[in-house]
Amino acid sequence: MALRPDGGLRAGVPRASGERQRDPTQAGAQSAITGTIWVIAFTALYCLPVGFLTAIYLEEYADRHRWYNRAIEINIQNLAAVPSIVYGILGLGIISRGLGFGQTVLTASLTLSLLVLPTVIIAAREAIRAVPQSIREASPALGATQWQTIWRQVLPAAVPGMATGDILALSRAIGEAAPLLLLGGLTFITFNPTSLDSAYTVLPIQIFNWISQSRAEFAPLAAAIVILLVILLAMNSLAIWLRNRYSRRW
């Protein structure tokens with residue numbers, strides 16, 4: 001919140017607190033819903049390409065006898081089990097303060113990308129590994145290069161499993177509150193994010209804020225968790241549909 005020297009709000013800068021925070025009849029979840037969409041959209045934009053390319057490298061190109069490839073695989077497995085709060089500390093120390101991105105949508109997206117990236121890589125690797133080896137052998141026999149085999153044969157066959165794992169990974173990210181609280185996600189703002197350097201809040205933080213209020217009138221507002229539940233159910237339903245629609249039995 002930007003202040004003038006006399007303590008007043010600077011003209012044109014939205015307030016992060018005020019009458020709406022004190023009056024439950026004027027409270028709403030629009031900024032939290034919009035912030036959730038911004039954060040998750042850019043989380044997917046950052047982590048999915050990196051996760052796909054890493055999985056393709058480890059499954060199709062990496063020599064498992066090399067020590068550094070084995071180290072990468074072990075670390076990915078270990079990072080998938082790290083608590084989310086640790087990623088929040090990492091994001092606060094390196095992304096927010098070290099890189100100077102501050103308490104913005106960009107910081108939240110990059111931190112959540114690191115959180116779900118191991119899950120995305122593992123899911124993509126399992127999907128690629130499930131493609132029969134005979135396809136990889138038959139395609140070069142017909143004159144295709146290794147990349148043509150991967151792009152035109154392996155990846156199309158692995159898409160259902162990759163998409164399912166990625167949606168489930170993003171479902172985890174959309175419900176995270178602990179790392180974003182460490183990153184300074186505001187509990188109440190009266191404006192929607194408009195860019196990557198905007199302040200933000202998300203539904204889990206907003207719901208936590210309402211539950212923490214001393215006034216009982218704020219408690220019913222936590223029913224906004226139903227919105228989060230609907231989003232999660234929609235994402236999981238999409239994952240199930242993709243798996244059933246495009247999966248192949250070899």
Side-chain angles (χ1 to χ4, degrees), residues 39-84 86-87 90-91 94-95 108-176 179 232 234-250:
V39 170
I40 293 302
F42 283 98
T43 297
L45 181 64
Y46 298 144
C47 75
L48 296 187
V50 176
F52 291 161
L53 293 175
T54 303
I56 292 171
Y57 168 75
L58 291 175
E59 287 299 317
E60 301 295 334
Y61 291 100
D63 182 358
R64 290 182 173 82
H65 298 290
R66 300 283 185 178
W67 67 268
Y68 51 82
N69 289 325
R70 294 199 303 270
I72 292 174
E73 293 186 8
I74 292 174
N75 281 298
I76 290 173
Q77 297 288 341
N78 291 336
L79 289 173
V82 173
S84 60
V86 176
Y87 288 97
L90 176 67
I94 297 179
I95 301 175
S109 300
L110 290 175
T111 301
L112 291 182
S113 297
L114 295 176
L115 172 64
V116 301
L117 183 59
T119 305
V120 170
I121 295 173
I122 293 172
R125 290 188 65 190
E126 291 296 330
I128 294 173
R129 192 178 302 161
V131 178
Q133 186 64 27
S134 58
I135 293 180
R136 296 180 175 86
E137 296 172 353
S139 182
L142 296 175
T145 64
Q146 184 176 8
W147 174 245
Q148 288 174 333
T149 301
I150 295 170
W151 180 253
R152 298 180 182 179
Q153 301 298 328
V154 176
L155 290 183
V159 161
M162 295 171 68
T164 300
D166 298 339
I167 292 173
L168 295 178
L170 294 176
S171 297
R172 176 191 177 186
I174 204 173
E176 287 290 346
L232 290 173
M235 296 177 69
N236 291 336
S237 299
L238 178 61
I240 294 172
W241 181 82
L242 287 172
R243 183 185 62 195
N244 294 335
R245 175 66 177 80
Y246 296 103
S247 62
R248 300 180 184 179
R249 294 187 178 182
W250 308 99

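For the side-chain hydrogen bond (donor to acceptor under 3.5 Å, both in side chains) test, no residue two or more places apart in sequence or in another chain qualifies with Gln146. In this structure, the side-chain contact (heavy atoms from CB on, under 4.5 Å) partners of Ala44, at least two apart in sequence or on a different chain, are Leu48, Leu170. When the side-chain contact (heavy atoms from CB on, under 4.5 Å) test is applied to Ser84, the partners found at least two apart in sequence or on another chain are Leu115, Arg172, Glu176, Ala178, Pro179. By the side-chain hydrogen bond (donor to acceptor under 3.5 Å, both in side chains) test, Tyr57 pairs with Asn69, sequence neighbours left out. Annotation: side-chain hydrogen bond (donor to acceptor under 3.5 Å, both in side chains) contacts of Arg136 (sequence neighbours excluded): Glu60. For Leu117, the side-chain contact (heavy atoms from CB on, under 4.5 Å) partners at least two apart in sequence or on another chain are Cys47, Val50, Ile121. Every residue two or more places apart in sequence or in another chain that forms a ring-ring contact (aromatic ring centres under 6.0 Å, His included) with Phe42 is listed here: Trp38. Here Thr119 pairs with nothing under the side-chain hydrogen bond (donor to acceptor under 3.5 Å, both in side chains) rule; sequence neighbours left out. Residues forming a side-chain contact (heavy atoms from CB on, under 4.5 Å) with Glu73 (at least two apart in sequence, or on another chain): Leu58, Arg64, Arg125.
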- Derivation and outcome, side chain to side chain contact (heavy atoms under 4.5 Å, CB included), residues Phe52 and Asp166: CA-CA 10 Å; Phe52 291 161; Asp166 298 339; 2.8 Å; yes
- Item | side chain to side chain contact (heavy atoms under 4.5 Å, CB included) between Tyr87 and Leu79, worked out | CA-CA 10 Å; Tyr87 288 97; Leu79 289 173; 3.5 Å; yes
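Closest heavy-atom contact between Val131 and Val154: CG2-O, 3.7 Å. Nearest heavy-atom pair across Asn236 and Ser171 is OD1-OG, 3.5 Å. Nearest approach of Gly165 to Ala123, heavy atoms of both residues: CA-CB, 3.6 Å. Minimum heavy-atom separation, Ala55 to Ala124: CB-CB, 3.5 Å.
By the 4.5 Å heavy-atom criterion applied to side chains, Leu155 and Ile56 are counted as neighbours.
Sorted pairs that involve residues 63-83 and meet ring pair (Phe, Tyr, Trp, His ring centres under 6.0 Å), not counting sequence neighbours, are lacking altogether. For the ring pair (Phe, Tyr, Trp, His ring centres under 6.0 Å) condition, the pairs that include at least one residue of residues 147-175, sequence neighbours left out, are Trp147-Trp151.
Note that CD of Gln153 is 11.5 Å distant from CD1 of Ile150, once rounded to the nearest 0.5 Å. Here CG of Asn75 is found 8.5 Å from CD1 of Ile72. Values are rounded to the nearest 0.5 Å. Note that CG of Leu112 is 10.0 Å distant from CD1 of Ile174, once rounded to the nearest 0.5 Å. One distance of note links CG of Leu168 with CD1 of Ile240; it measures 8.5 Å at 0.5 Å rounding. Here the straight-line distance linking atom CD1 of Ile167 with atom CG of Leu232 works out to 12.0 Å at 0.5 Å rounding. Note: Glu137 CD to Ser139 OG = 11.0 Å, rounded to the nearest 0.5 Å.
Of the possible donor and acceptor atoms, none in the side chain of Thr43 sits under 3.5 Å from a partner among the backbone N and O of Ser113.
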